[in-house]
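Here the structure is a predicted model, which means the values were calculated and not measured. Residue numbers begin at 1 in each chain, while the letters A, B, ... track the order of the sequences.
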Number of protein chains: 2
Amino acid sequence: MQERVDEESVSPLYLRVRDHLAAQIAKGLLTPNTRLPSERILAEEHDTTRVTTRLALAQLEAEGRIYRSNRRGWFVSPPRLIYKPTHDYSFSENVTAQGRVPATETLDVTSTQTNSWLATRTGMAVGDPIVWLRRRRQIDGRPVLVENIYLNPKRLPGIETYNFDRSLWKLLREQYGVELRGKQIEMYPTALVDPQASAIGVTAGTAGLYVTRCSRDADGCFVEFDEEFWLHDALSIQVEVS
Amino acid sequence: MQERVDEESVSPLYLRVRDHLAAQIAKGLLTPNTRLPSERILAEEHDTTRVTTRLALAQLEAEGRIYRSNRRGWFVSPPRLIYKPTHDYSFSENVTAQGRVPATETLDVTSTQTNSWLATRTGMAVGDPIVWLRRRRQIDGRPVLVENIYLNPKRLPGIETYNFDRSLWKLLREQYGVELRGKQIEMYPTALVDPQASAIGVTAGTAGLYVTRCSRDADGCFVEFDEEFWLHDALSIQVEVS
DNA sequence: AAGTGGTCTAGACCACCAC
DNA sequence: TGGTGGTCTAGACCACTTG
């Protein structure tokens, strides 16, 4: 629906480099997860310097078209995962249903106490016992999010003894008979900083989406608070209201 | 709830510059919408170059802590607007209720035809008449979003004759008796590019949030498709499900 | 007119990864 | 070990905004 066109006559060099790469991606010359030529080669091809080339790459990264992996290079971004945070859902099933390969790693499980930050968000009292779970999740081998999950051990006795490399939602339903109700979801775009950036394996400052979700059971009892740090190009949020 | 701490011993210079500025903002030495010292002065203060200083500023911008305004300088970001896209709501009332000052500008209104992109999203047929409205909205004098709104003139006869510098939602309800139902919302983080970037007055590549919303009336008839381009630091999305 | 950010050059050294 | 991105220097000119 876009009729107005850029005056592309005298656009800055870094935007012309961006457009050149974007066109190659659009044409299918560069397909998802393939590596781009190195920054030095791209600079040479466009008769410019690495600084300018990196400006162009940063633009494409900000648009979600390419991503970097450690120091291995720049890669074409795959399609965004469609994510419906209002649904009870299994990450693995959702990823699989979209033709991708999921993976989950539990980073650590800690029995600790509710602090004031968590208390205001969950209704728990400061000092109440809480189980803190950290996980990293991947799509097609690429880590796309890390999450902090805070579980209420009063409602979920023995929860810390389970294996968390699977669907938490199924575990809650099958082992504890929990039907989640009354979700409060908040999200905003922000940069990933340490320790989340290093947990995902990206440079600090990489664009991300911060999502929190507070879930209660049918009785209004607090069950779970989830704090997710996504790579910004990895997902598209969908919400339906009737 | 963050126990693990960064090894801050040998962090890169640009992160130390970032941390220094972030600390000043956190302490309240720099308050929302105040200007930061110029890049050249910051570079001198930290005994480095503009390139490194700009890396630090870009980090803070990505985190949503500062923003830039044309070539006027860098400013401390105000708090994010809380935005509940599932609600029927008035931008102006929402902004006002949060103690801020809203403004709306209609950029143009065009009677045109449904194209294939819009048809697949709305259920209209290609070639059906559609009214296309572009608006820019501000908070406290800062443009924070531009939007394309596509209205169904079959359901809303004469809609193109109204003044749109006010709440569209109220107009629909009061003049056409429309109660919106069945919203489909989709959103993802991406960079703002032209023409949206220039419409907001930011550099192409500035981080943004893309939001679409398709609304129908109680009979399931398509009423409105809204496409919003937000500055990424201007909002926090909230959704509640029961 | 002076100052700001926007763009760009032509190099350099380092940490890390793959071979 | 060679190539990658990550960080950094010390400049330059330009477009635009503000006084």
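Counting only heavy atoms from C-beta outward, the side chains of B/Val144 and B/Leu235 never approach each other to under 4.5 Å. Contact check for B/Ile159 versus B/Phe164: side-chain heavy atoms found under the 4.5 Å cut-off. Under the 4.5 Å side-chain criterion, counting only non-hydrogen atoms from C-beta, A/Leu15 is in contact with A/Gln59. The closest side-chain heavy-atom distance from B/Phe91 to B/Glu147 is not below 4.5 Å.
Put simply, A/Thr203 has a side-chain N or O that comes within less than 4.0 Å of OP1 or OP2 on D/dG6. Note on B/Thr48: a side-chain N or O is less than 4.0 Å away from OP1 or OP2 of D/dT9. Not one side-chain nitrogen or oxygen of A/Arg54 sits closer than 4.0 Å to the OP1 or OP2 atom of D/dG5.
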The test is ring-ring contact (aromatic ring centres under 6.0 Å, His included); show your working for B/Trp230 and A/Tyr188 and say whether it passes. CA-CA 11 Å; B/Trp230 287 78; A/Tyr188 55 83; over 10 Å; no
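Contacts of B/Arg142 classified as side-chain hydrogen bond (donor to acceptor under 3.5 Å, both in side chains), with partners at least two apart in sequence or in another chain: B/Asp233.
If you find the closest nucleotide of DNA chain C to B/Ile41 and to B/Val51, the one lying nearer the 5' end belongs to B/Ile41. Two residues, A/Thr52 and A/Arg72, neighbour DNA chain C, and the one matched to the more 5' nucleotide by heavy-atom proximity is A/Thr52.
A donor-acceptor contact under 3.5 Å links the side chain of A/Arg40 to the base of D/dG5. Below the 3.5 angstrom threshold, one finds a donor paired with an acceptor across the side chain of A/Arg50 and the base of D/dG6.
The stretch residues 23-35 of chain B participates, sequence neighbours left out, in no salt bridge (Lys or Arg N to Asp or Glu O under 4.0 Å) pair at all.
Side-chain proximity of B/Glu39 to C/dA10, C/dG6, D/dG5: nearest is C/dG6. Closest to the side chain of A/Ser38, out of D/dT4, C/dC8, C/dG5, is D/dT4. Of the candidates C/dC17, C/dC8, D/dG6, C/dC17 carries the atom nearest the A/Asn70 side chain, counting heavy atoms from C-beta on. Comparing C/dT9, C/dT4, C/dC8 by their closest approach to the side chain of A/Pro12 singles out C/dC8.
Note: CZ (B/Arg16) to P (D/dT7) measures 12 Å, nearest angstrom. Rounded to a whole Å, the CZ atom of B/Arg68 is 16 Å from the P atom of C/dT4. Rounded to a whole Å, the CZ atom of A/Phe75 is 11 Å from the C1' atom of C/dA18.
For DNA chain C, if you chain together Watson-Crick or G-U pairs that step i with j, i+1 with j-1 and so on, the runs of at least three with distances under 3.5 Å are C:1-18 with D:1-18.
Within 4.0 Å (heavy atoms only), B/Leu13 reaches sugar-phosphate atoms of the nucleic acid but no base atom.
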